[in-house]
Amino acid sequence: QVQLEESGGGLVQPGGSLRLSCTAPGFILEYYAVGWFRQAPGKEREGVSCMNPNDDRADYVGSVQGRFTVSRDNAKNTIYLQMNDLGPEDTGVYYCAAGFGCSYYYVQSEYWGRGTQVTVWG
């Protein structure tokens, strides 16, 4: 069974930055659409970004546009989410996902990670 693995979450002050990573042991991310979701406390999971295979461009939900950047390193089989200018509204559990395509900033997800906590406070 495919299991993605996130890392890089933590506690950061408003205005700070974090970079999340997502790997997939035994599974080649290069061939899939990849991206991120997040779930804030008491809210439903929402799509954050999606990047199609063979495409360096990603789509983003409006609330993170200009602050978050998705990238992939195929040699390391890893995707990243660079998050800048973080605010309390960005607090939540962040999940990476892989699937067969993007619907705007939603990954049409087949595979998920277990999530990593991001807390913006201070």
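Computed over heavy atoms, backbone and side chain alike; hydrogens, waters and symmetry mates excluded. Counting from 1, the numbers follow the sequence of the chain as shown.
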- Message: Using the side chain to side chain donor-acceptor pair (under 3.5 Å) criterion, which residues pair with Gln3? Sequence neighbours excluded.
- Response: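 For Gln3 there are no side chain to side chain donor-acceptor pair (under 3.5 Å) partners, ignoring immediate neighbours.
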Tell me, please, which residues at least two apart from [X] pass side chain to side chain contact (heavy atoms under 4.5 Å, CB included).
{"X": "Glu30", "result": "Ile28, Asn74"}
{"X": "Pro25", "result": "Glu5, Thr23"}
{"X": "Ser21", "result": "Ser7, Thr78, Tyr80"}
{"X": "Cys22", "result": "Leu4, Trp36, Ile79, Cys96"}

Shortest non-hydrogen contact from [X] to [Y]?
{"X": "Leu29", "Y": "Arg72", "answer": "O-NH1, 3.0 Å"}
{"X": "Ala58", "Y": "Val70", "answer": "CB-CB, 4.2 Å"}
{"X": "Phe100", "Y": "Ala33", "answer": "C-CB, 4.3 Å"}

- Taking ring-ring contact (aromatic ring centres under 6.0 Å, His included) as the test, write out the residues that go with Phe27, two or more places apart.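 Testing Phe27 for ring-ring contact (aromatic ring centres under 6.0 Å, His included), a comparison that skips the adjacent residues, returns Tyr32, Tyr111.
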- Message: Quick check against the 3.5 Å criterion: does Ser109 have a side-chain atom that pairs as donor or acceptor with the backbone of Val107?
- Response: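 It does hold such a pair.
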- Could you list all the side-chain hydrogen bond (donor to acceptor under 3.5 Å, both in side chains) pairs where at least one residue sits in residues 47-60, not counting sequence neighbours?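 Matches after skipping sequence neighbours: Arg57-Asp59.
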- Item | Sequence neighbours excluded - side-chain hydrogen bond (donor to acceptor under 3.5 Å, both in side chains) pairs with any residue from residues 81-105 |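 For residues 81-105: Ser17-Asn84, Arg38-Asp90, Arg38-Tyr94, Arg67-Asp90, Gln82-Asn84.
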- Item | Joint hydrophobic cluster, Leu11 plus Val93, side-chain heavy atoms closer than 4.5 Å |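 Unlinked, Leu11 and Val93 end up in two clusters.
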- Please collect all disulfide (SG to SG under 2.5 Å) contacts where either partner lies in residues 25-93, sequence neighbours excluded, each pair once.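 Pairs touching residues 25-93 that pass the test: Cys50-Cys102.
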Name the atoms and distances for all side-chain donor-acceptor pairs under 3.5 Å in residues 113-122, with sequence neighbours left out.
| residue | atom | partner | partner atom | Å |
| --- | --- | --- | --- | --- |
| Thr116 | OG1 | Gly9 | N | 3.2 |
| Gln117 | NE2 | Gly92 | O | 3.4 |
| Gln117 | NE2 | Thr119 | OG1 | 3.3 |

- Query: Quick one: CZ on Arg19 to OG1 on Thr69, what's the gap to the nearest 0.5 Å?
  - Reply: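 Between Arg19 CZ and Thr69 OG1, I get 11.5 Å after rounding to 0.5 Å.
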- Does anything in residues 91-110 pair up under salt bridge (charged side-chain N to carboxylate O under 4.0 Å, His left out), and if so which pairs, sequence neighbours excluded?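 Every pair satisfying salt bridge (charged side-chain N to carboxylate O under 4.0 Å, His left out) with a residue in residues 91-110: there are none.
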- Query: Does a side-chain heavy-atom distance below 4.5 Å link Leu20 with Glu6?
  - Reply: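 No, too far: nothing below the 4.5 Å cut-off.
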